[in-house]
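First the structure, in the form of structure tokens, and then the observations on it.
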Amino acid sequence: MNAPIEHQDIHLYKGIIMRFFIRAAVSAAAMATPALAGPVHVFGPGGPAPAMKEAAATYSKLRGVKVEVVAGPTSDWIDSARQTGDVIYSGSETMMTDLQVAMGDRIDPATITPLYLRVSNILVRPGNPKKIRGLADLFRPGHRVLVVNGAGQNGLWEDMAGRTGDIAKVRALRSNIVGYAKNSAQAKQTWTTDTSLDAWIIWGIWQKANATLADSVSVEEPYRIYRDVGAGLTMTGKANPDAVAFAAWLASPAARAIFVKFGWKGS
């Protein structure tokens, strides 16, 4: 006759069965959602970051390759980029040249591709209380203007005001500029804390990403300036097939649609 099963044995058997099912469930989940390949390490400035990060996330879903984007002022990420960077993107051609130097010639110039353009713009306070209609209004006395002098916007305001060849316009705009930020992030902080500022000359994409912070006023055609986002492979990235594929995909129709959504010019 079989020996009776003790109460403690029942608990033991239940524990064994439960562990079996847990292990089976974990194994099934691992088989159903395999780990992503990669990662591809991408570094660049904050301006193009919203579009670049969405592009990276979309690519990861499409291709099963993890793409990590680190963005912000160059000083925040340049050391890491020198060590692990696969793809470096910029906010203008002058910035890409500066990044080549900062990276110690680790970016292969033959792989650098200009991708999409962004147009200069004027941001104003919500509701546009000063009724600013374009750059010509900022030539008139009485406006307090913020500009960025660096990080892909070196000389932007000067190029805009001087585009028609009239030095009086450069003088007039300069007399109204009360703040020179080193980069867009610093300008955003200044704009937020100094409410006496009437206008902020920057790229139109910034209003797309900060819709509640300011309204956007288009710049008249004679004063519009365009600069690009471009991307290039590091020497490490060239040896990484996933990085090469992602850099090429950034010029695809799918990637173009993402950048256009964030205010970039796609053609």
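The figures that follow rest on heavy atoms only: side chains count, while hydrogens, waters and symmetry mates do not.
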| Under 3.5 Å donor-acceptor, Trp77 side chain and Gly44 backbone | yes
| message | According to a hydrophobic-cluster definition based on side-chain heavy atoms being under 4.5 Å apart (Ile, Leu, Val, Met, Phe, Trp, Tyr only), do Val145 and Leu156 belong together? | response | yes
| request: For residues Val119 and Lys265, determine if any side-chain heavy atom of one lies less than 4.5 Å from a side-chain heavy atom of the other. | output: no
| query | Are the side chain of Ser216 and the backbone of Gln207 linked by a donor-acceptor contact shorter than 3.5 Å? | reply | no
| remark: Interatomic distance, CD@Glu220 vs CD1@Ile122, rounded to 0.5 Å, equals 6.5 Å
| Below 4.5 Å, heavy atoms only, C-beta onward: do Arg82 and Met103 meet side chain to side chain? | yes
| Linking I/L/V/M/F/W/Y whenever their side-chain heavy atoms sit closer than 4.5 Å, directly or via other members, would Tyr89 and Ile112 fall into one cluster? | no
| request: Output the distance between atom NZ (Lys188) and atom CG (Leu213), rounded to the nearest 0.5 Å. | output: 6.5 Å
| Of the non-hydrogen atoms in Met96 and Gly232, which two are nearest, and what is the gap between them? | CE-N, 4.1 Å
| field | Within-4.5 Å side-chain heavy-atom neighbours: Arg163 and Ile225 | value | yes
| query | What's the shortest heavy-atom distance between Ser218 and Asn121, and which atoms? | reply | CA-ND2, 3.9 Å
| message | Under the criterion side chain to side chain contact (heavy atoms under 4.5 Å, CB included), I'd like the reasoning laid out for Lys130 against Val124: C-alpha separation, chi angles, the key distance, then a yes or no. | response | CA-CA 8 Å; Lys130 294 297 181 72; Val124 297; over 6 Å; no
| request: Hey, could you give me the CG/OG1 distance between Asp79 and Thr74, rounded to the nearest 0.5 Å? | output: 11.5 Å
| Student check: side-chain heavy atoms of Met52 and Leu250 closer than 4.5 Å | yes
| said: Quick one: does any side-chain atom of Asp194 pair with a main-chain N or O of Thr190 as donor and acceptor, under 3.5 Å? | reply: no
| What closest approach, in Å, do Ala71 and Pro45 show between heavy atoms, and which atom pair accounts for it? | CB-O, 3.7 Å
| task | Evaluate the criterion side chain to side chain contact (heavy atoms under 4.5 Å, CB included) for residue pair Val67 and Val42; output intermediate values, then yes/no. | result | CA-CA 7 Å; Val67 180; Val42 181; 3.6 Å; yes
| message | Between Leu138 and Ile201, is there a side-chain heavy-atom distance shorter than 4.5 Å? | response | yes
| remark: To the nearest 0.5 Å, atom CZ of Phe246 lies from atom CG of Leu233 at 10.5 Å
| said: Treating Ser184 as the side-chain partner and Gly47 as the backbone partner, does any N or O pair qualify as donor plus acceptor under 3.5 Å? | reply: no
| Which pair of heavy atoms, one from Ala243 and one from Asp86, lies closest together, and at what distance? | CB-CB, 3.7 Å
| request: Taking Tyr180 for its side chain and Val147 for its backbone only, find out whether a donor-acceptor pair lies under 3.5 Å. | output: no
| task | Check the pair Phe262, Ile205 against side chain to side chain contact (heavy atoms under 4.5 Å, CB included), reporting the backbone distance first and the verdict last. | result | CA-CA 6 Å; Phe262 282 91; Ile205 62 166; 5.7 Å; no
| note | Nearest heavy-atom contact between Ala55 and Phe259 is CB-CE1, 4.2 Å
| field | Flag, side chain of Arg125 to backbone of Leu197, donor-acceptor distance under 3.5 Å | value | yes
| Are Thr236 and Thr84 close enough that some pair of their side-chain heavy atoms sits under 4.5 Å apart? | no
| request: Treat each ILVMFWY residue as a node, draw an edge where side-chain heavy atoms are under 4.5 Å apart, and state whether Ile202 and Tyr116 are in one component. | output: yes
| Can you tell me how far CD1 of Ile107 sits from OG of Ser90, rounded to the nearest 0.5 angstrom? | 8.5 Å
| request: State, yes or no, whether a side-chain contact exists between Arg106 and Ile88 at a heavy-atom distance under 4.5 Å. | output: no
| message | Looking at Glu158 and Val170, would you say the former's side chain and the latter's main chain have a donor-acceptor pair under 3.5 Å? | response | no
| task | Say whether Met95 and Leu115 are linked into one hydrophobic cluster, either directly or through other cluster members, by side-chain heavy-atom distances under 4.5 angstrom. | result | no
| Does the pair Ser80 and Val70 meet the rule for a side chain to side chain contact (heavy atoms under 4.5 Å, CB included), with working shown? | CA-CA 9 Å; Ser80 296; Val70 176; over 6 Å; no
| request: Give the cluster check for Leu62 versus Val40: same hydrophobic cluster or not, with ILVMFWY residues linked at side-chain heavy-atom distances below 4.5 Å. | output: yes
| field | Arg227 side chain vs Ser92 backbone, donor-acceptor pair below 3.5 Å | value | no
| Does some side-chain heavy atom of Asp228 sit less than 4.5 Å from a side-chain heavy atom of Glu93? | yes
| Donor-acceptor pair, side chain of Glu54 and main chain of Ile258, under 3.5 angstrom | no
| How far apart are the closest heavy atoms of Arg256 and Ala251, and which atoms are they? | NH2-O, 3.5 Å
| Mutual orientation of the aromatic rings belonging to Trp200 and Trp191 [parallel < 30°, tilted 30-60°, perpendicular > 60°] | tilted
| task | Without swapping roles, check the side chain of Asp108 against the backbone of Met235 for a donor-acceptor pair under 3.5 Å. | result | no
| query | When rounded to the nearest 0.5 angstrom, what is the spacing between CG in Leu135 and CG in Leu173? | reply | 6.0 Å
| request: Begin with the C-alpha distance, continue with both residues' side-chain angles, and end with the deciding distance and a verdict on ring-ring contact (aromatic ring centres under 6.0 Å, His included) for Tyr223 and Phe139. | output: CA-CA 12 Å; Tyr223 307 115; Phe139 298 150; 5.5 Å; yes
